[in-house]
Every structure is written in structure tokens, then in C-alpha cells.
Amino acid sequence: MANLLELLVTADCNNPLWTASIWDSHIGTNLMTYKGGGTAESKTLSFIGNDYIAAVEKTKPILHIWPLNSHQPVQGMRFILPGKASALSITRDGSYICAGIEEKIYLWQTASGNLLTIISRHYQKVVSLKFTPDGKYFISAAEDGMVMVWSLASVAAHPEIDLVTQSSAGQHDPVHIFSDHSLPVTDLFISKFGMHGRLCTVSSDRTCKIYDLSTGEMLLNLVFDVPLSAVTMDVLELNVFVGSNEGKIYQFSLAHPPRSRDLLINSENGSPVFTLHTKAITCLSVSLDGETLMSGSNDEHVILWHIPSRQPIRTIRHKGPITNGFFTVNLPAIFQSEFSPDIVLHSLERTLEKDSDEATEIEVLINKKISFWPEQNSYEIKEIIQQTETSFMGQEKKWKNEIETLKAVNAKLYAFSINKAIDAVPLVNESIIKKAKKKKNNKKNK
């Protein structure tokens, strides 16, 4: 099963056998189950890096975490939350955990368990939280109809970290605030381009709104005739799939956008509709090849659709209403009997108050080698040394030959200069004698 490219992850209510399960979407075979976590809260099932899978229990303030290759949760450690969480999101690398508890947003560091901040800007219960793919921002949606975009760096860091208390927490300003919905927001979808892409939100007010995250502008407002409950986009982000409370799934193409910002969508104006579910759609996801749409519903069915023909390919029946469902790439750890996780887990703090004034220091041990310099094997090093010695020996011989040549030239120059000096001495003496004789002869003549 390790040769599969993608897997299907689902969770449902009232299932006594497992909390979450992993499926082969091509043949409908159950590959892995995770037990002992009760019923997973809607839209809280998430991976922690490539090592763990986590879900919030619906009736208790507990976060359950399973190793990917184990049916049972992590042993010897409990993850108690400050309250029952209605939303959960984890960064792709597993470094930060974000949970919505009532109208507040809690942010933890996974490795240390430190509660970094408590954001209190929504007025009603938070229903959805999602990180951008790069993990630098996260987006929250609540029953007050507001959608807020937060910068992880600005909310996690505080200029006076030692003075942060429970009462002063949450005083952060979001990057964007979208308050266009008039009723509770039910779901949201973030583009794979993060803050340079688009944001889709759906609400009980029967509208689907598409925003540009870089500018904060609303690009499109799709108006439906039924309340909406789920939204997703295909791989190329050219089509929007919207699930309704009546069980219908509407498809809208962004390749031919309307001339106006507002557009009415229904089955009568020729919009493609997927119809088979009998109750509200709870989750939607598109496969990596863009050919298959997964839909989960309160009618206890997960249906896989062929998008071009809008026909159902396979139906996977569950024991209760579907709470979570999405496609994911295949993770090798699921099928390994033994593996060493790279992510360090720690129990989560429930308050910002510290018992001591000293800063907390965490020593994290990892099995990854940190390579500051490129590694080379011994054979390559020996070969480099031999090449260096060979080139040096060749240059040494060349230098010795040049030195001997220079010595010979210097000896010849020296001999030539000495001979010239010796030959010049007698000529000087003869000229002096001739001058002296001329002076004597001149004196005698006088």
C-alpha cells in the first residue's frame, strides 16, 4: 500500500469501532483505523507533520493524538484543553497548534506545550480555523459572521513577554477583517498560494464569497437559494464546489467569471449540480488529479464523484453522520511497523499565568543531522588529496627548473659584468700615463 499516491481520511459520529479511518479511495478498502478518541468534532481532524494524526473529542475538552502507525493514542501523555474545542488547525510542519474554544482562539507551541496567546476578537463561537500552507498566517471564522486573517508572527510574539497575563492577552489586530456575512460562517477554503491567493467562505446566509487575501478585497459574491455548509476548490483552483444543507453540491467555474460582482446560482440557470445526498453536506475535498470529488454528509455516506460526468463512482457507508473527510498524500509512516517520529510532543498549558518569573527553557532532541557544511565521504576526500598532491608535485618540478634556469642566467650575467670591469681598468691607466707625458713634454719645451 506504500505505492499509493493519495489516501482518503474520514471520521463520523456514533462509531464504536474507531474515531478516524484511512481508506484507499480507488477500491474503497479500509487501510488504517484510529481508536479510543470518542467522536471527533467536525472539521478538527488534522495531521501533525508526517508523524501523528490528531482530533478533538466532541463531548470532552481533550485532544487525542495517534502515531500514524498505531491504532491507540499516544501513551503516557494527555492533552487537556481549557474547554471543549469547536475548531482545530495545525501547521503543516506540526510546530503550532491552534484551537477555537467558544469565542476565543488559543495558540500553542507543539514541542514545548507553551500557550503563546489567547485571541479574543470574535463575539460568538469559533467554528473554523485553518493555517495557510506556509504556516505564516491562519484564518478564523465564527458564528458572528466574521472572518479574520491573523499573522502567526505578530500574535505569537509579544514585546513584553514577561508581562503577559490572562487579562492582557488577546490584544492583537488581525491583518484583514471580513464582515460581509450576515449569518454564521460554516466553512472556509484557503488557496494553496496562501496570502497571495484566494479565500472562499460559505455561510448560512446562502452566500459564497471569494476574497483576494493579498489586498483584502471581495472578488465575487455567489448567492444561492439554500443555506450553505461546505466549500472547496479543485487543484488548479478554477472551479468552486459548494455544499448545501439540502444535500446538493453546486459547481461554479472561475474560468468565465461574471461581469458583475454578485451572481445568483441555482439549478435552474444551468449550473452543474451533484445530487445524491439526502442531508446536509459536511465536508468536501478534491483529489490530487482533479478528477474525483469527495463529499461527506449527515446521511452517513461518503460519496466519490467523477467531476467531468458528475456521476458517483463509489459510496462508502459509515455508522453515523460524517464529521471529517479529506484527501491527503500518502504518508509512509502509516504502513511502517516501527518509525521514529521527528516531532516532539508536550502536554498543553491551559493558562498564560506563570508560576515562576524565569523564562521556560526547553531542550529538544531530534535525530536529524544539521549540516552546516556539505558532507563528503572518505573516498572523495582521498581522491581530492591525491589530485592536490599530484598537481603540487608537477608544479614543484616546474618551479625547480625555473630556479635552475634563473641561476644559470644570473651566473652568466655576473661573469659578463666582471669581464667588462676588468677590461676597462688598463684603458684607464694608459690614458692617465699619456696625459702625464704630455704635461712633462710641455714643461720642457717652455
Side-chain angles (χ1 to χ4, degrees), residues 5-6 8-9 25 43 45-46 89 92 127-135 137-141 147 149 176 178 180-181 185-203 206-224 226 228-244 248-258 261-263 265 271-274 277 281-297 302-310 313 322 324-329:
L5 295 179
E6 64 179 353
L8 177 62
V9 185
S25 59
K43 298 180 177 66
L45 190 64
S46 180
S89 184
R92 183 168 292 182
V127 295
S128 184
L129 281 171
K130 286 188 180 179
F131 276 97
T132 56
D134 58 7
Y137 297 85
F138 63 92
I139 300 177
S140 61
V147 179
V149 182
H176 297 303
F178 305 118
D180 302 298
H181 289 292
V185 180
T186 53
D187 195 14
L188 59 88
F189 175 84
I190 304 175
S191 166
K192 64 173 67 68
F193 300 104
M195 290 300 291
H196 299 286
R198 296 167 178 169
L199 167 69
C200 297
T201 62
V202 292
S203 168
R206 307 183 180 188
T207 63
C208 171
K209 303 183 188 297
I210 302 176
Y211 299 92
D212 181 4
L213 285 176
S214 59
T215 61
E217 274 187 56
M218 184 170 69
L219 303 177
L220 194 60
N221 180 32
L222 303 177
V223 182
F224 295 79
V226 291
L228 307 178
S229 56
V231 64
T232 192
M233 296 179 74
D234 60 5
V235 178
L236 299 178
E237 299 180 5
L238 296 177
N239 293 278
V240 180
F241 299 92
V242 180
S244 69
K248 294 181 180 180
I249 304 170
Y250 298 87
Q251 179 182 353
F252 177 76
S253 175
L254 298 177
H256 304 287
R261 194 175 68 168
D262 300 323
L263 183 66
I265 302 293
S271 300
V273 181
F274 299 78
H277 287 290
I281 305 296
T282 57
C283 49
L284 293 171
S285 181
V286 178
S287 62
L288 298 178
D289 59 4
E291 294 287 327
T292 306
L293 171 68
M294 185 283 305
S295 62
S297 171
V302 171
I303 300 179
L304 303 178
W305 306 82
H306 182 243
I307 294 177
S309 64
R310 297 192 297 277
I313 302 173
I322 310 301
N324 296 267
F326 55 89
F327 285 104
T328 181
V329 294

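For the numbers below, each heavy atom of this structure counts, side chains included, while hydrogens, waters and symmetry mates do not.
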Of the non-hydrogen atoms in Ala141 and Leu188, which two are nearest, and what is the gap between them? CB-CD2, 3.6 Å
In short, Ser128 meets Asp187 closest at the heavy-atom pair OG-OD1, 4.4 Å
If the condition is side chain to side chain donor-acceptor pair (under 3.5 Å), which residues does Lys43 pass it with, not counting sequence neighbours? none
Is a side-chain donor-acceptor pair under 3.5 Å present for His306 with Ser309? yes
Report the distance from atom CG of Leu288 to atom CG of Leu5, rounding to the nearest 0.5 Å. 7.5 Å
Hey, could you give me the CG/CG distance between Leu199 and Leu219, rounded to the nearest 0.5 Å? 10.0 Å
Side chains of Ile307 and Gln251, heavy atoms from C-beta outward: is any pair under 4.5 Å? yes
Using the test side chain to side chain donor-acceptor pair (under 3.5 Å), find all partners of Ser214 that sit at least two apart in sequence or belong to another chain. Asp212
For Phe326, check ring pair (Phe, Tyr, Trp, His ring centres under 6.0 Å) against everything at least two apart and list the hits. none
When rounded to the nearest 0.5 angstrom, what is the spacing between OG in Ser140 and NZ in Lys130? 13.0 Å
As a test of understanding, state which of Ile303, Val273, Leu293 forms a side chain to side chain contact (heavy atoms under 4.5 Å, CB included) with Ile249. Leu293
Could you pull out all residues at least two apart from Ser287 that satisfy side chain to side chain contact (heavy atoms under 4.5 Å, CB included)? Glu6, Asp289, Thr292, Phe327
For the backbone of Val202 and the side chain of Thr186, can you confirm whether one donor and one acceptor N or O come within less than 3.5 Å of each other? yes
Looking at every heavy atom in both Leu8 and Ser25, which two are closest together, and how far apart are they? CB-CB, 4.2 Å
Sequence neighbours excluded, which residues qualify as side chain to side chain donor-acceptor pair (under 3.5 Å) partners of Ser191? Glu237
Interatomic distance, Ser253 atom OG to Asn239 atom CG [nearest 0.5 angstrom]: 4.5 Å
The criterion is ring pair (Phe, Tyr, Trp, His ring centres under 6.0 Å); which residues satisfy it with His181, sequence neighbours excluded? none
Here the pair of heavy atoms bringing Pro133 nearest to Lys192 is CG-O, 3.5 Å
Please give me the minimum heavy-atom distance between Ile281 and Lys248, naming the atom from each residue. CG1-O, 4.0 Å
Under the rule for side chain to side chain contact (heavy atoms under 4.5 Å, CB included), what residues qualify as partners of Leu254, not counting sequence neighbours? Arg198, Ile210, Leu220, Met233, Val240, Phe252
Only counting residues at least two apart or in another chain, list the ones meeting salt bridge (Lys or Arg N to Asp or Glu O under 4.0 Å) with Glu291. none
Below 30° counts as parallel, above 60° as perpendicular, anything between as tilted: where do the rings of Trp305 and Phe274 land? perpendicular
Residues two or more places apart in sequence or in another chain: which of them pass ring pair (Phe, Tyr, Trp, His ring centres under 6.0 Å) with Phe241? none
Value for CG (Leu222) from CG (Leu263), rounded to nearest 0.5 Å, stands at 6.0 Å
Can you name the side chain to side chain contact (heavy atoms under 4.5 Å, CB included) partners of Thr282, sequence neighbours left out? Asn298, Ile322
Closest heavy-atom pair, Leu284 versus Ser295, reported as atoms and distance to 0.1 Å, is CD2-CB, 3.6 Å
Main-chain N/O of Ser203 paired with Lys209 side-chain donor or acceptor, under 3.5 Å: no
Under a 4.5 Å cut-off applied to non-hydrogen side-chain atoms, are Ile139 and Phe178 in contact? no
Contacts of Thr132 that satisfy side chain to side chain contact (heavy atoms under 4.5 Å, CB included) - sequence neighbours left out: Asp134, Tyr137, Ile190
Can Tyr211 and Asp180 be said to form a side-chain contact (heavy atoms from CB on, under 4.5 Å), step by step? CA-CA 11 Å; Tyr211 299 92; Asp180 302 298; 2.7 Å; yes
Does Ser229 have any side chain to side chain donor-acceptor pair (under 3.5 Å) partners at least two apart in sequence or in another chain, and if so, which? none
